[in-house]
Amino acid sequence: MTNYYSCKIDELANYTGKEVTLAGWLNRLRSGGKVLFLMLRDGSGICQCIVEKEKIDPELFNQLKHLGQESSLQVTGIVRADERSVGGYEIAVSNAKIFCQSRDYPITPKAHGVEFLMKHRHLHLRSQRQWAINRIRHTVIAAVRSFFNDNGFTLIDTPIFTTAAGEGEQTLFGVDYFDEKLHLSQTGQLYLETAAMSHGKVYCFGPTFRAEKSKTRRHLTEFWMVEPEVAWITLEELMDLAENFVCSIVSKVLEENRNELNILGSDIESLEKIKGSFYRLTYCEAVEILKGEKTQEFMAAQLEGFLSREKQLKEKLKELTENQESAKKQWQKDKIATELNEINIELGELARKIENNPKHAKLAKDFVWGKDLGGSDETIISLMHDKPIFVTHYPKEVKAFYMKANKDNAKVVDNFDMLAPAGFGEIIGGSMREEDYDALMERINELGYNPQNYSWYLDLRKFGSAPHGGFGLGIERTIAWITGEKHIRQCIAYPRMMDKVYI
RNA sequence: UCCUCGAUAGCUCAAUCGGUAGAGCGAGCGGCUGUUAACCGCUAGGUUGUAGGUUCGAGUCCUACUCGAGGAGCCA
């Protein structure tokens, strides 16, 4: 045999009636007295392979029958269409070769806790959900690259070991670099601006490190961010760019990953609405909305929804408890117990939401102009819209030193955040950069930064300064939003969280 | 850093008032020709997170600690 396999599972439709060889891993085995069902996984999909006792070597049949989950093997047989099979095609096995018999694979087809799965992340990556998420991640990243490559941008790789700060100094990871103190990059932006003055349109894409003490479902300490930077652009044009960019990512995923989105139970209908113009609000308008009557009504309606869901669940709980008492078989009782458990978990979540709702409503109502939008404020605005929302012109005090002051209102800057819809929150932050030497210097002094650290950055404002701006998009947040995955940690193979690194 | 909840078989969870620690899945063996988280029968599997305390008796009550989950704060 020259090759390990003759085709991949996702190509089986082209081989109906022909003999093929597949190579992969045993996802699950169901055995009958004279027939075995091998669910074979090869990275491209899952295929049911039928082994009939009379049609293969009896010794081989016996070996296959006792194969453990995740054993690796080759399977040869005729492809046939069959509605009963997952994917519509199956293999009538005539021969097989076992490579590695695995025993006691830890991840079983039943429920597992977060800690257990994270400790077994190296194996968990084989599970169907993780497989689907990582395929979508691949599409997202490919779409990011081709969007910029096709629109005249030049890729510039900015350094990971950095000297310049960029964002708040407290969120830096320090590194001992041959007795010199450097830190891990938390943005490529400052370096990228230098390259924009060479190429006009540039982007960087790489890992980003933030030592934020944020233990939430939306934060990682190491995540991937793509940042375009463009010279001779206006804020409006920058937002148009961000809009087209996000649309192109979503449409690429819809085009290439229907199957994966279905596996994950993602909200495809909502994703299909992500095209055309996004909502654009100024910070002032966003504050008005938060403080307004409509938000209070919205929050009240939300609370009502929670309460009626709670009532509904409690009734179901009662009903199930009665069923459990009358159930005769032990397994029926256990099945009901599992359902009860799930309901109790949801009730716990609801109770927290019901508790938080009035607090968030009050926070919104009492919002004072000048503060940064909090997580709950973002969520409220995001929930009230069905497409992404730009929020522009934040107060300069809550934003970074390099953001350009608005020429009509010096209290605000020409920036924007893009909030994903349906409560997901921020996925992009961007701004015009201050191009005036004196204004930038003033900001650096105001904030007490050392101008010497920024001498090369300031040079850009001395030698042919030009209007320019850019933004950064968090890859994992984008994937979590698109897939509907609750926790960002599932959107990268080996997540690094503030309080925990497993493998 | 704070708040809430939790830790019992490989995994997910039960265990009523403090009174002999159980089930499902997984594993092993057997049965069954079409299964879809298959099904049926049998078997093995436990120092109840750690250290103390109360008690005739502690998985259960008390104290401290360790670890985990969720949330808050913080945060491009």
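Chain A is the first sequence line, chain B the second, and so forth, proteins listed ahead of strands; every chain is numbered from 1.
Not a single salt bridge (charged side-chain N to carboxylate O under 4.0 Å, His left out) links A:Arg496 to another residue, sequence neighbours left out. Here A:Glu397 pairs with nothing under the salt bridge (charged side-chain N to carboxylate O under 4.0 Å, His left out) rule; sequence neighbours left out. For the salt bridge (charged side-chain N to carboxylate O under 4.0 Å, His left out) test, no residue two or more places apart in sequence or in another chain qualifies with A:Lys387.
Against RNA chain B, the stretch residues 473-486 of chain A makes no heavy-atom approach under 4.0 Å. RNA chain B lies under 4.0 Å from at least one heavy atom of each of the following residues of residues 106-128 of chain A: A:Thr108, A:Pro109, A:Lys110, A:Ala111, A:His112, A:Gly113, A:Glu115, A:Phe116.
Atom CZ in A:Arg217 sits roughly 18 Å away from atom P in B:C74 (whole-Å rounding). To the nearest angstrom, P of B:C75 lies 12 Å from NZ of A:Lys213.
Within the 4.0 angstrom heavy-atom criterion, base atoms lie near A:Glu227.
For A:His66 and B:G30, the shortest distance from a side-chain N or O to OP1 or OP2 is below 4.0 Å.
Comparing A:Ser214 and A:Ser85 against RNA chain B, the residue whose closest nucleotide sits nearer the 5' end is A:Ser85.
Between the side chain of A:Ser214 and the backbone N or O of A:His219, no donor-acceptor pair lies under 3.5 Å. No donor-acceptor distance shorter than 3.5 angstrom exists from the side chain of A:Thr221 to the backbone of A:Met498, with no hydrogens or angles considered.
With hydrogens and angles left out, the side chain of A:Arg80 and the base of B:G34 share a donor-acceptor pair within 3.5 Å.
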- Item | Pairing string, 5' to 3', for RNA chain B - Watson-Crick or wobble contacts under 3.5 Å, brackets [ ] where pairs cross, | to another strand | (((((((..((((.....[..)))).(((((.......))))).....(((((..]....))))))))))))....
